[in-house]
> 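Take this structure first; my questions come after.
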Amino acid sequence: MRVELTVNGEPQVADDVWEGESLLYVLRERLGLPGAKNACEQGECGSCTVYLDGTVVCACLVAAGQAEGAEVVTVEGLADGDALDPVQRAFLDAGAVQCGFCTPGLVVAVHDLLARTPDPAEADVREALAGNLCRCTGYEHILAAVRLAAERGGEGRS
Amino acid sequence: MRFLRPHTWAEALGAKAEFPDALPLMGGTDVMVDVNFGRARPNALLDLTAIPELRTWAPDGDALRVGAGVTYARLVSELADRLPALAAASRTVGSPQIRNRGTAGGNLGSASPAGDAHPPLLAGGAEVELESVRGARRVAVEEFFAGPKRSVLEPDELIAGFRARPATGPQYFAKVGTRNAMVIAVCSFALALRPGEGVGTGIGSAGPTPLRAYAAEEFLAGELADRWEKRDALPGPVIGEFAELVAGAARPIDDVRGTADYRAHVLRVLARRTLTWAWADHCEGGAGCA
Amino acid sequence: MTTDIERVTGTALDRVEGRDKVTGLARYAYEYPADDIAYVVPVPAAIARGTITGIDPGDALAVPGVLTVLSFRNAPPLAGNDPELRIFSSDRVSYRGQMVAAVVADTLEAAAEAARLVHVGYDAEPHDVLLRPDHPEAYVPEKVNPSFPAVSEQGDVEAALGDAAVTVDTTYTTPAYHNNAMEPHATLAVWSGDRLTAYDSNQGSSTARDMLAAAFGLEPGQVRVVSPHVGGGFGSKGTPRPQIVLAALAARAVGRPAKVALTRQHMFAVTGYRTPSIQRVRLGADASGRMTALAHEVEEQTSTLKEFAEQTAVPSRMMYAAPNRLTTHRVVALDVATPSWMRAPGECPGMYALESAMDELAVACGLDPIELRVRNEPEEDPESGLPWSSRNVVACLREGAAWFGWAGRDPAPGVRRDGRWLVGTGVAASTYPARRRPSEATARATADGRFTVRIAAADIGTGSRTALTQIAADALGVPPERVDVRIGDSALPTASLAGGSMGTASWGSAVAMACVRLRERLDGAGGEVPEDGIEARYDTADDIKADAAYARHAFGAQFAEVRVDPGTGEIRVPRLLGVFAAGRIINAKTARSQFIGGMTMGLAMALLEESVPDAEFGGFLNHDLAQYHVPANADVANIDARWIEEDDPHLNPMGSKGIGEIGIVGTAAAIGNAVHHATGVRFRDLPIRPDRVLDRAPQIGGRNL
């Protein structure tokens, strides 16, 4: 089947989509946007977190057909040209990145968290990011990145 | 495989009548896992997310009617005052990403014994609304579950939503897992006090289906009958007996997540704790929260 | 070239590839483009032991888009010495989940659908997948990894134990654990004539290249393995895994590029895991706590395919000064996948047992557990008699005690309450060898004032690309912005694996020396860079052969505070502190994250993680991330890592010890010891699950909350 959607502001068309296919597969294998990662296919790890019509979801659990007509934003769509989003900048500055495989999902999840709660308490951060597994960092530097991005507010785009 | 995407409820019922083996798809948090893992390979997926009616809730007489497509995130943000145990359970579901997609209606459709929405729906005396082109019917939640991941849903029926009375007293939901978040319940319990009326209970992950602890409800209702007004401390033995009866109602098994003994024990603890909290709220005259 | 700039090693330089990673532009193996890619889905064995009686690919081949079905019936034989990689070489099934066939198709959906339709007939035989005490098939292997004797004895342990004023005799068990790097193992294989390029997720592209060349009977020069970004490994991508040979086999069979990514479930079968262990530890001490005897006897598993004998008791050969020592290993070849490397193999499970037993000895002696360790500090390596290159475990314990607030700790167990929680603290020491392996590197100066360093190193998330940039910048005497480090490609100078905490030490040695050579050449050229650049190369093989004889180890101390709910058996860890002595720290930012990440994995080892064998059907029961509990953000609280500056001249040009593994070592023991301090009960079987706590609740006396 054909699926038409908007990804990072660009209209996209995917043809020959299998009906049981996930949005994640469409993004990665059909639209050339491998930023969202595939690591569990069951909504446990959050590596595939993207915005779907303004809310964060696991793209692996969204059927491609459910994204028909939807607005999708992936990690590739957060920076403004060369200017990193403040969350991306904070991840870099705080050393919140190791292997990088969980990073795209975490960056999107933190972006959403701070949009909803600009100054979250630590417990709220840990809860809000509970669906994004990271095997490398032990989360401390990720927490630091969230704090840094929150402190900077909307500034820090670079 | 077909991908069916009706835009009205009538179209959806028509599609389900035409393709009774179509697998209804809502937030995808269970169904898409099965599709991704190759465990489900239906002839058709019936996507219900484009149907506006399913995403609404409204008072209906003395009850609330909640559409099957209301997400956990909205149950938390919009209904915590009226359905506090369900909102509390919704808060413990997965992650923000899962709560943004998953629905209590979908949870009912999967009919997993571990579904987090089920204990509060049981404790709250909810009814499930089922509908097909043949007509609509309501089924008490405890009669909805037919076995592990099985329900009384007919092949041509869809879950329209559920009805539950807004809380008239304190309600609590408690869950134990082996991780602090993102956890499938090893065991869960919901309690609803209805002052002057009675008590509701719901047990999750401790039997082939979600369960009510009938004997515990009856016992506690009797003990509370002349205490609702007095609002005095509950004697320890009453709490203890209630906890025993709750544990006795469970039919747990050993599995990777926990042993049967552990589940029975944890249920006792959860029953004690929720009753203690709920009764304290009642004595303070608060509406209760979770 | 400037020479008066600040040293950049030791600073917290930002990760050089960080920008690519936060923007989603960093490419991982499965994400490389190629024309007309075919998708490969393996078929896992449904039995744990037996013979394949037939493979019927008919229904699978009938699925539109299916190109071929590979199995032992039609796959060309593979060479090489690793039976886990000689896929489809025989009709034998050695463990459940072993690859017995694979489908290659135009689309992933077609391949996955067809893989379910490959009908495999089996003649199943009775299987045994459970390690248990005194297994009748247990035997003493010739060596344990990588080449230690399986048994080592000094003095007379039995006599010393008999004479000891205080003894401890306990048995600890650890379950199987899976590495579960976030990136599933994946390969895109592209043939061009008889040349093979593999975009692959691994811990060493030189190693993967050599393996692929051997498997397909090619010269190493005919094979290129490209792996610039790797989504974690933790040992599971050190030994190449079957997906790389499968992709190459499939691509050759269909004459198109082919790619495969293992599913998370299948990773539990074919990407290795840490062996479960049964460890008896006996300690003897005089009344003052000076140890006279240490016996550490280990039983663990291997497979019927090949022997993998984890060196679990080896740290007990060097950790304490007991003059009478016995360390033994026995393995059982079960009908399981071959266990493999997982973060701090040997030290991680072995130090869990030893450091738990040390805590028990401290209680038995009435000594503070830090003091007990200080009293048993060896002057030299007890086993080899070699001097320590540096050994600062006591400093880690002392400094850590001050930072953690250990002073004044009431040793009485099971007496501190905070509401429904029982509270306790615990400590354990940690250690990990500091080694290096031969590697080659080149350094090149170009007329534009920039420098390029090339080495087939791997960055699996450790920060090695960044550390090597710093090392090169200092060796060249230039700012790091002028240095480009190229890694992750076997076409670069050959390098050792990212493993055994040896990566940065091994590669850094080669990089530093290549840069020193380049600088000499530049100085010789009067500081002028010729039009076409100038280059130097260095191979550390001879240096390493000439390394003086020292016992080289990193050390550390782990402190934990735990809270135990005796009503539900839940355990929380509000505070974890690790203090490490690991030579010079090259990058403060990446190092701290590495330490904390290791400690978090240790926390999970103690409380959450466990691969449960399926006794009935083989394989593991909880083979996905919903059931195997990698810790989530909400499972950890305040974890801190600090270090003690060490100046150890006997290591390498940087003076660094590896840091990737020591963080996990000791953490589980510290938490177990804290749980004892909180509850008064010893839990000697990991993980310390809530049901296990509740089983002992009558001893805690807290069941009725």
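Proteins get letters first, then strands, A, B, ... in listed order; numbering begins at 1 in each. The shown structure was predicted, so the numbers you read here are calculated from the model rather than taken from an experiment. Just the heavy atoms: all of them, side chains too, but no hydrogens, waters or symmetry mates, feed the values below.
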> Between chain C and each of Gly35(A), Pro104(A), Pro34(A), Ser47(A), count heavy-atom pairs under 4.5 Å; write down the option with the most.
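If we count pairs closer than 4.5 Å to chain C, Pro34(A) comes out on top.
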> Using a 4.5 angstrom heavy-atom cutoff, name the option from Val107(A), Val125(A), Thr103(A) with the most pairs to chain C.
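Top option by heavy-atom pairs under 4.5 Å: Thr103(A).
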> Rounded to the nearest 0.5 Å, what separation is found between the CZ atom of Arg89(A) and the CG atom of Asp14(C)?
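So the CZ of Arg89(A) and the CG of Asp14(C) are separated by 6.5 Å.
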> Locate the shortest heavy-atom distance separating Ile596(C) from Glu140(A); write the atom from each residue and the value.
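Smallest interatomic distance, heavy atoms only, reads CG2-CG, 3.7 Å.
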> Glu29(A) vs Tyr39(C), test: side chain to side chain donor-acceptor pair (under 3.5 Å). Steps then yes/no.
CA-CA 11 Å; Glu29(A) 298 292 316; Tyr39(C) 290 82; 2.5 Å; yes
> Can you tell me which portion of Asn179(C) sits under 4.5 Å from chain A's heavy atoms? Options are side chain, backbone, both or neither.
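For Asn179(C), backbone heavy atoms alone lie under 4.5 Å from chain A.
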> Could you tell me the separation between the CG atom of Leu625(C) and the CG atom of Leu133(A), rounded to the nearest 0.5 Å?
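So the CG of Leu625(C) and the CG of Leu133(A) are separated by 6.0 Å.
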> Given side chains that start at C-beta, do those of Asp82(A) and Arg19(C) come closer than 4.5 Å, heavy atoms only?
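Contact flag for Asp82(A)/Arg19(C) side chains = yes.
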> Has the side chain of Lys21(C) got a donor or acceptor atom that lies under 3.5 Å from a matching backbone atom of Cys99(A)?
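Such a contact is found between Lys21(C) side chain and Cys99(A) backbone.
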> Can you establish whether the number of heavy atoms outside Asp36(C) located under 6.0 Å from its atom CG is more than 12?
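Counting other residues, nucleotides and ligands, CG of Asp36(C) exceeds 12 neighbours.
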> Write down the atom of Cys40(A), the atom of Arg264(C), and the distance for their closest heavy-atom approach.
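Looking at all heavy atoms of both residues, the shortest contact is CA-CB, 4.3 Å.
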> For Leu143(A), which atoms come within 4.5 Å of any heavy atom of chain C: side chain, backbone, both, or neither?
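For Leu143(A), the side chain is the part near chain C, not the backbone.
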> Hey, mind stepping through Leu108(C) and Tyr25(A) against side-chain contact (heavy atoms from CB on, under 4.5 Å) and telling me if it holds?
CA-CA 10 Å; Leu108(C) 180 63; Tyr25(A) 188 91; 3.5 Å; yes
> Between Gly20(A), Ala39(A), Ala128(A), which has the largest tally of heavy atom pairs under 4.5 Å with chain C?
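Between Gly20(A), Ala39(A), Ala128(A), the count favours Ala39(A).
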> Check Ser593(C) against Gly95(A) and note the closest heavy-atom contact, atom names and distance.
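Scanning both residues completely, I find the closest heavy atoms to be OG-O, 4.2 Å.
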> Measuring from atom SG of Cys136(A) to atom CD1 of Ile460(C), what distance do you get when rounded to the nearest 0.5 angstrom?
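Between atom SG of Cys136(A) and atom CD1 of Ile460(C) there are 8.0 Å.
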> Look at atom CG of Asp124(A) and say whether more than 12 heavy atoms of other residues, nucleotides or ligands are closer to it than 6.0 Å.
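Enclosed: over 12 neighbouring heavy atoms sit under 6.0 Å from CG of Asp124(A).
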> Output the option from Gly663(C), Gly231(C), Ala261(C) having the highest count of non-hydrogen pairs under 4.5 Å with chain A.
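Heavy-atom pair counts peak at Gly231(C).
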> Would you say Gln88(A)'s side chain and Val22(C)'s backbone share a donor-acceptor pair under 3.5 angstrom?
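Such a contact is found between Gln88(A) side chain and Val22(C) backbone.
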> To the nearest 0.5 Å, what is the distance between SG on Cys45(A) and CG on Asp624(C)?
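One gets 11.5 Å once the value is rounded to the nearest 0.5 Å.
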> If we only count heavy atoms from C-beta on, is the Phe101(A) to His229(C) side-chain gap below 4.5 Å?
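Counting from C-beta outward, Phe101(A) and His229(C) never come under 4.5 Å.
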> Against chain A, label Ala110(C) side chain, backbone, both or neither, depending on which of its atoms sit under 4.5 Å from a heavy atom there.
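Neither part.
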> Between Glu76(A) (side chain only) and Leu25(C) (backbone N and O only), is there a donor and an acceptor less than 3.5 Å apart?
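Answer holds: no.
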> Does any backbone or side-chain atom of Phe595(C) lie under 4.5 Å from a heavy atom of chain A? Answer side chain, backbone, both or neither.
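Looking at Phe595(C), nothing touches chain A.
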> Hey, which of Thr107(C), Asn180(C), Thr466(C) has the most heavy atom pairs under 4.5 Å with chain A?
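Counting heavy-atom pairs under 4.5 Å, the top option is Asn180(C).
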> Any salt bridge between Glu183(C) and Lys37(A), counting N to O under 4.0 Å?
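Salt bridge between Glu183(C) and Lys37(A), a charged N being under 4.0 Å from a carboxylate O: no.
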> Inspect the contact between Glu609(C) and Arg135(A) and indicate whether a charged nitrogen and a carboxylate oxygen are less than 4.0 angstrom apart.
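A salt bridge links Arg135(A) with Glu609(C).
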> Could you give the distance from CD (Glu109(C)) to CD (Glu21(A)), rounded to the nearest 0.5 Å?
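Output value for this atom pair is 8.0 Å.
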> Side-chain contact test, heavy atoms from C-beta onward, threshold under 4.5 Å: evaluate it for Arg126(A) versus Val636(C) and give yes or no.
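Heavy-atom side-chain distance check passes, below 4.5 Å.
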> So for Glu41(A), is it side chain, backbone, both, or neither that comes closer than 4.5 Å to the heavy atoms of chain C?
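Contact with chain C involves the side chain of Glu41(A) alone.
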> Report yes or no: does Tyr139(A) contribute a side-chain atom to a donor-acceptor pair with the main-chain N or O of Pro631(C) at less than 3.5 Å?
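Indeed, once roles are kept as given, a pair shorter than 3.5 Å links the two residues.
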> With a 4.5 angstrom heavy-atom cut-off, is it the side chain or the backbone of Ala96(A) that approaches chain C, or both, or neither?
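Neither; nothing under 4.5 Å.
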> Under a 4.5 Å heavy-atom cut-off, does chain C meet the side chain of Asp93(A), its backbone, both or neither?
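For Asp93(A), backbone and side chain are both near chain C.
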> Looking at Val97(A), is its backbone amide N or carbonyl O close enough to the side chain of Arg15(C) to form a donor-acceptor pair, meaning the two atoms are under 3.5 Å apart?
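Between the backbone of Val97(A) and the side chain of Arg15(C) there is a qualifying donor-acceptor contact (under 3.5 Å).
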> If you round to the nearest 0.5 Å, how far is CD of Glu127(A) from CG of Asn633(C)?
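Between atom CG of Asn633(C) and atom CD of Glu127(A) there are 10.0 Å.
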